[in-house]
Amino acid sequence: MNLIVCENYEEVSQKAFEIMKEIVASKPNATLGLATGSSPIGLYKKMVEDHQKHNTSYEAITSFNLDEYVGLSKDHPESYYSFMYHNLFDHINIKEENIHLPQGNGELEQRCNEYEAEIAKYVVDIQLLGVGRNGHIGFNEPGTPFTQTTHIVTLDDKTIQDNARFFNNNVNEVPTQAITMGIATIMKAKKVLLIASGENKAEAIYNLVHGEIREECPVTVLQKHADVVVIVDKAAASNLK
Ligand code: GLP
């Protein structure tokens, strides 16, 4: 595991951008695994700026997102679909048909199977991840078997509390379920790039680096991956030895 500790969020975003740019520049038809949440917003801003300034092309890039809430329409402002278009896809030249986001409505089991089958046609060159306070990756909550592929989850209380900030600070408005790539899906990526900032991630980062590998803390599975880069700010690194 390659651990990079940065001064602040800006530097985390810059370092993550450099890794992403290296892949997009060296492999124009790369497959990117993308994430939502507040952590990747700075990185996406830098990708957009770079596309605008340097014409970095996403024309042949394919993307797969990690997860989506169940029951929100695509155009709901807090759907991950809206998030991705607003923060990235609307501002780069990625082709609509190369964008893949899990869909959290309709026949859910079929949605999971179709998404997993679609990803299986590709090799994800880099999977971007944030991490939940409770160690979740994607929406794989504590206790998720490491063998899981794309599936429906019931969100943890901690996750619902954390995400209430996007839903008028009202836990009752946060969807209770989500569709997410499984841990087995995530682990198939060639490279994993995890970014985190802020003290509320310090325990999860401690577990990622020093903790025992266990399903109760999903992020610890990354210790088994051959190519993981972890970029954190000082606050998220504050529990590390
Ligand atoms: C969300 C997402 C995760 C994300 C995590 C942390 O619930 N499903 O993919 O990594 O929680 O979010 P943030 O970056 O906003 O702290």
Side-chain angles (χ1 to χ4, degrees), residues 6 8-10 12-13 16 20 32-46 63-72 76-84 86-88 100-104 112 115 124 126-144 148 150-167 169 171 173-183 185-187 189 192-205 207-208 217-222 228-233 235-238:
C6 299
N8 51 36
Y9 179 70
E10 166 61 24
V12 169
S13 303
M20 195 59 93
L32 310 181
L34 299 176
T36 53
S38 40
S39 304
I41 291 179
L43 161 63
Y44 292 157
K45 246 188 207 149
K46 288 183 189 294
S63 75
F64 283 92
N65 262 79
L66 280 170
D67 48 15
E68 178 60 282
Y69 290 112
V70 164
L72 292 191
H76 188 288
E78 295 306 334
S79 74
Y80 286 166
Y81 180 99
S82 296
F83 175 100
M84 287 309 301
H86 176 75
N87 287 292
L88 187 65
H100 304 85
L101 286 127
Q103 290 182 51
C112 294
Y115 200 66
V124 173
I126 183 165
Q127 176 63 57
L128 176 65
L129 294 177
V131 62
R133 190 157 56 106
N134 61 4
H136 75 229
I137 49 176
F139 264 135
N140 291 282
E141 296 286 24
T144 308
Q148 271 283 11
T150 301
H151 64 294
I152 302 295
V153 292
T154 297
L155 299 182
D156 201 80
D157 285 345
K158 262 190 190 171
T159 305
I160 291 182
Q161 283 162 23
D162 286 349
N163 290 2
R165 68 189 195 278
F166 302 114
F167 294 86
N169 283 318
V171 286
E173 285 185 29
V174 184
T176 54
Q177 286 190 308
I179 176 170
T180 183
M181 273 189 207
I183 290 181
T185 325
I186 292 170
M187 289 294 278
V192 172
L193 170 60
L194 183 141
I195 53 176
S197 59
E199 217 185 317
N200 63 338
K201 301 294 172 70
E203 191 186 338
I205 296 304
N207 282 323
L208 164 59
C217 186
V219 73
T220 59
V221 76
L222 298 180
V228 181
V229 183
V230 176
I231 308 179
V232 294
D233 70 353
S238 59

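Ligands are counted one by one from 1 in listed order, and the atoms in each one are counted from 1 as well.
Counting atoms of ligand 1 from 1 in the listed order, those under 4.0 Å from a heavy atom of Gly130 are 10 (O). The Phe139 neighbourhood of ligand 1 comprises atoms 7 (O), 8 (N), with distances under 4.0 Å to a heavy atom of that residue.
Residue contacts with ligand 1, taken as heavy atom pairs separated by less than 4.0 Å, involve Val131 solely via the backbone atoms N, CA, C and O. The side chain of Arg165, and not its backbone, has at least one atom closer than 4.0 Å to an atom of ligand 1 (non-hydrogen atoms only; side chain from C-beta on). The side chain of Asn163, and not its backbone, has at least one atom closer than 4.0 Å to an atom of ligand 1 (non-hydrogen atoms only; side chain from C-beta on). When non-hydrogen atoms are compared, ligand 1 lies under 4.0 Å from the side chain of Tyr80 (C-beta onward) but not from its backbone.
Remark: minimum distance from atom 11 (O) of ligand 1 to any protein heavy atom is reached at His136 NE2, 3.1 Å. For atom 16 (O) of ligand 1, the closest heavy atom belonging to the protein is Lys201 NZ, 2.6 Å. The closest protein non-hydrogen atom to atom 8 (N) of ligand 1 is Asp67 OD2, 2.9 Å. The nearest protein atom to atom 4 (C) of ligand 1, hydrogens excluded, is given as Thr36 O, 4.0 Å; this is a heavy-atom distance.
By the 4.0 Å heavy-atom criterion, Arg133 is excluded from the residues contacting ligand 1. Contact annotation: Ala35 has no heavy atom less than 4.0 Å from any atom of ligand 1.
Atoms CE and CD1, on Met20 and Ile195 in that order, are 8.0 Å from each other to the nearest 0.5 Å. Note that OG1 of Thr150 and OH of Tyr115 are 7.0 Å apart. Values are rounded to the nearest 0.5 Å. Atom-to-atom distance recorded for Gln161:CD and Asp156:CG is 9.0 Å, nearest 0.5 angstrom.
The local environment of CD in Glu78 is crowded, with over 12 non-hydrogen atoms from other residues, nucleotides or ligands closer than 6.0 Å. Crowding of Asp157 atom CG: a count of heavy atoms from other residues, nucleotides or ligands under 6.0 Å not exceeding 12. No more than 12 heavy atoms of other residues, nucleotides or ligands sit less than 6.0 Å from atom NZ of Lys45. The environment of NE2 in His86 is sparse: at most 12 heavy-atom neighbours from other residues, nucleotides or ligands sit within 6.0 Å. Open room surrounds CD on Glu199; 12 or fewer heavy atoms of other groups in view lie less than 6.0 Å from it.
Polar contact with ligand 1: present for Ser38 (N/O pair, distance under 3.5 Å).
Less than 6.0 angstrom separates the ring centroid of Tyr69 from the ring centroid of Phe167.
Scanning Gly138, Gly37, Ala178, Ser39 for the heavy atom closest to atom 9 (O) of ligand 1 points to Gly138.
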